[in-house]
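What follows is a single structure, written as structure tokens, with notes after it.
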Amino acid sequence: MSNQNFITVHPFALDHSTAGRVLFASEVGGVHVSRIEFEPGFELGHHYHKETLVTCYTGIGSLCVVFEDVVTKAQQEIRMDAGGCAIQIPTHVAFTMKSIGSSTASLVLFSNKKLNTDDNYIYEVTPPSDQTSTP
Amino acid sequence: MAIQNMKNPESDHIFCFKEDSSKEGRTLSHVQVGGVFMSRLVIDPGVVTGNYFYTNTHVLMSIESGTVVARFEHVHTKEKRELQLKPGEELVEIPKKVASATKNIGNEKAVIVFFSDKPLRTSEAFHYKVF
């Protein structure tokens with residue numbers, strides 16, 4: 001419960017369930033604030049949301065992110081550096097995010113629903129650089 | 001595809017931070033997404049930032065890297081609190097009329113992130129020394 005007259009300290013709930021990343025989550029007034037720490041080289045994602053709207057940016061380090069529209073299959077590969085740009089991830093856009101630096105990277109997020117719940121739909125995103133053309 | 005080309009970044013879904021390095025020892029970057037203002041403050045070791053309160057802005061803050069001491073004081077009741085903040089430990093909700101200041105007590109740059117319903121450091125920010 002927030003104290004409207006003075007500060008309120010909301011602890012982050014930690015999720016270590018996946019090796020290579022830690023998810024920190026908290027909620028204030030219906031807004032879910034999260035951060036994800038990536039070990040170097042760790043990749044997550046390969047899913048999309050149908051209802052969860054996520055806005056995120058890189059807190060520290062660098063991430064390579066690939067988005068794919070699950071309907072049109074259009075792809076976009078981008079590099080997200082700390083302090084660069086924030087991105088709103090629309091629903092029905094799948095993504096994969098990989099830490100590309102030599103030290104821990106973090107992603108700062110806020111969303112209308114809690115992350116890592118039953119609104120994750122598995123979708124394999126193949127980065128353009130990994131795709132091989134057939135003759 | 002809704003997400004546009006990052007080489008020409010600004011689009012309906014991409015919002016680039018604007019940087020303010022006007023004060024020595026800290027860089028404040030901010031971006032607005034919908035009605036939410038996201039800010040990222042990088043502080044050099046030993047530097048104190050803040051010493052402001054807002055009359056109509058609600059702020060959330062947490063630490064992304066480094067170790068920071070934050071002090072808070074309600075400008076009317078004078079209630080005070082000091083916290084040592086580290087990455088991933090807590091999200092601090094700061095209501096209006098609570099002044100705050102942060103000091104990087106580590107040996108490397110510290111990064112603090114903020115979410116707010118109005119932009120930080122505006123005409124609605126009033127100086128109030130707590131650190």
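Here is the naming used below: chain letters follow the sequence lines, and residue numbers restart at 1 for every chain.
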Checklist outcome for this item: Honestly, the part of B:H58 sitting under 4.5 Å from a heavy atom of chain A is side chain
Next on the checklist: Is B:T77 in contact with chain A via its backbone, its side chain, both, or neither, using a 4.5 Å heavy-atom distance?
Outcome noted: neither
Donor-acceptor pairs under 3.5 Å, side chain of residues 33-40 of chain B to any protein atom, not counting sequence neighbours: which ones?
residue	atom	partner	partner atom	Å
B:R40	NE	A:G59	O	3.0
B:R40	NH2	A:G59	O	2.7

Checklist entry - Do A:Y48 and A:V65 belong together in a cluster built from hydrophobic side chains that touch within less than 4.5 Å? => result no
Next on the checklist: Less than 4.5 Å to any heavy atom of chain A: does that hold for the side chain of B:V113, its backbone, both, or neither?
Outcome noted: both
Next on the checklist: More than 12 heavy atoms of other residues, nucleotides or ligands under 6.0 Å from CD of B:E82: yes or no?
Outcome noted: yes
Checklist entry - In terms of hydrophobic clusters joined by side-chain contacts under 4.5 Å, are A:Y121 and A:V71 together? => result yes
Next on the checklist: What part of B:I63 gets within 4.5 angstrom of chain A, counting heavy atoms only: side chain, backbone, both, or neither?
Outcome noted: backbone
Checklist entry - More than 12 foreign heavy atoms under 6.0 Å from CG of B:N56: is that the case here? => result yes
Checklist entry - Is chain A contacted by the side chain of B:K80, its backbone, both, or neither, given a heavy-atom distance below 4.5 Å? => result backbone
Item to check | Hydrophobic cluster membership, A:L115 vs A:L107, 4.5 Å side-chain cutoff | outcome: yes
Next on the checklist: Quick check: closest heavy atoms across B:V98 and A:N5, and the distance to 0.1 Å?
Outcome noted: CG2-O, 3.7 Å
Checklist outcome for this item: B:L91 and A:F12 have their tightest heavy-atom pair at N-CE1, 3.9 Å
Checklist outcome for this item: Per-residue tally against chain A (heavy atom, under 4.5 Å) across B:L60, B:V59, B:V42, B:V31 peaks at B:L60
Checklist entry - Pick from B:E93, B:H74, B:R81, B:M61: which one makes a side-chain contact (heavy atoms from CB on, under 4.5 Å) with A:I7? => result B:R81
Checklist entry - Between B:E19, B:E89, B:E73, which shows the greatest number of heavy-atom pairs under 4.5 Å with chain A? => result B:E89
Check: residues 51-58 of chain A side-chain donor-acceptor pairs under 3.5 Å, at least two apart:
residue	atom	partner	partner atom	Å
A:T52	OG1	A:D119	OD2	2.6
A:T58	OG1	A:M80	O	3.2

Checklist entry - Which region of A:V9, side chain (C-beta onward) or backbone (N, CA, C, O), has a non-hydrogen atom less than 4.5 Å from a non-hydrogen atom of chain B, or is it both or neither? => result both
Checklist entry - Are B:V48 and B:Y52 grouped together when hydrophobic residues (ILVMFWY) are joined by side-chain heavy atoms under 4.5 angstrom apart? => result no
Checklist outcome for this item: Residues at least two apart in sequence or cross-chain that pass side chain to side chain contact (heavy atoms under 4.5 Å, CB included) with A:A105, listed by chain then number, are A:F38, A:L63, A:S99
Checklist entry - Which residues from residues 20-27 of chain A are near chain B, with near meaning under 4.5 Å between non-hydrogen atoms? => result A:F24, A:S26
Checklist entry - Do other residues, nucleotides or ligands put more than 12 heavy atoms under 6.0 Å from B:K97 NZ? => result no
Checklist entry - Can B:F115 be reached from B:F17 by stepping across I, L, V, M, F, W or Y side chains whose heavy atoms are under 4.5 Å apart? => result yes
Item to check | chain A contact via B:V92 - which portion, at a heavy-atom distance below 4.5 Å | outcome: both
